[in-house]
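Order of appearance sets the numbers: ligands from 1, and atoms from 1 within every ligand. Note: hydrogens, waters and symmetry copies are ignored here, and every other heavy atom, side chains too, is used.
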Amino acid sequence: MKKTNLSEYDPTQVPSGKDFTIGLAVAEWNSEITNALAQGALDTLRKYDVKEENIKLYHVPGSFELSTAADLMLTNDKKMDAVICIGCVIQGETRHFDFICEAVSQGVTNVSIKHGRPVIFSLLTTNDMQQAKDRAGGKHGNKGVEGAVTALKMVAFQKRLESF
Ligand code: RBF
């Protein structure tokens, strides 16, 4: 499926989250963007019946810390079904951009495999602030919405396999 908008999804394909516990790890860097992404994710989780007490939101300093946060959340809360990692890395003049993006994508994958639980990559990696705004509730939708839909689908997928 080719998507042109990050908030676009087929609602008939989204499972109910009424029995799911979902964590959000949200980076404080570029907080104008990450708070908008988190809001998109929260709205979507609520829309699909995730109970308020089963949504666990934590802030961490920057995107580099997201995979450690996801690891700690899954280690210390055995009921947590998935973690959505939310951050925004904007290309600067140094190579930090490449190091941070690489670390988060590898880290999220490793933590997910270590725990056998979905860890969702809701990280914007953009050339500038406008591109980030466009994807945090702007003309290209909201990557937080996409992250929440992905989390719901992956938890349902996991529970289906575990029920065999
Ligand atoms: N964190 C982000 O979430 N987004 C960024 O765009 C970002 N840019 C950074 C640029 C520099 C030069 C540095 C030193 C850090 C940056 N960080 C950024 C913070 C990083 O994710 C992490 O919190 C710190 O490096 C501490 O581990």
Please tabulate, for side-chain N and O atoms in residues 157-164, each donor-acceptor pair with protein atoms closer than 3.5 Å (sequence neighbours left out).
| unit_1 | atom_1 | unit_2 | atom_2 | d |
| --- | --- | --- | --- | --- |
| Q158 | NE2 | G116 | O | 2.6 |
| Q158 | NE2 | E162 | OE2 | 2.9 |
| K159 | NZ | D81 | OD1 | 3.1 |
| S163 | OG | R160 | O | 2.7 |

| query | So how far is it from I120 CD1 to K143 NZ, rounded to the nearest 0.5 Å? | reply |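 If we round to the nearest 0.5 Å, I120:CD1 and K143:NZ are 10.5 Å apart.
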| salt bridge (Lys or Arg N to Asp or Glu O under 4.0 Å) with E52: which residues, sequence neighbours excluded? |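 In terms of salt bridge (Lys or Arg N to Asp or Glu O under 4.0 Å), with neighbours along the sequence ignored, E52 is linked to R46.
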| task | For K114, enumerate each residue passing the salt bridge (Lys or Arg N to Asp or Glu O under 4.0 Å) test, keeping only those at least two apart in sequence or located in another chain. | result |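 Listed in chain order: D71.
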| message | Heavy-atom contacts with ligand 1 below 4.0 Å: which residues, ordered by chain and residue number? | response |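 Close residues (ligand 1, cut-off 4.0 Å): W29, N30, G62, S63, F64, E65, C88, V89, I90, H96, I100.
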| V145 vs L6 side-chain heavy atoms within contact, under 4.5 Å |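 They are not in side-chain contact.
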| For the student: nearest non-hydrogen atoms of A132 and I90, plus distance |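 Reported closest heavy-atom pair: CB-CD1, 4.4 Å.
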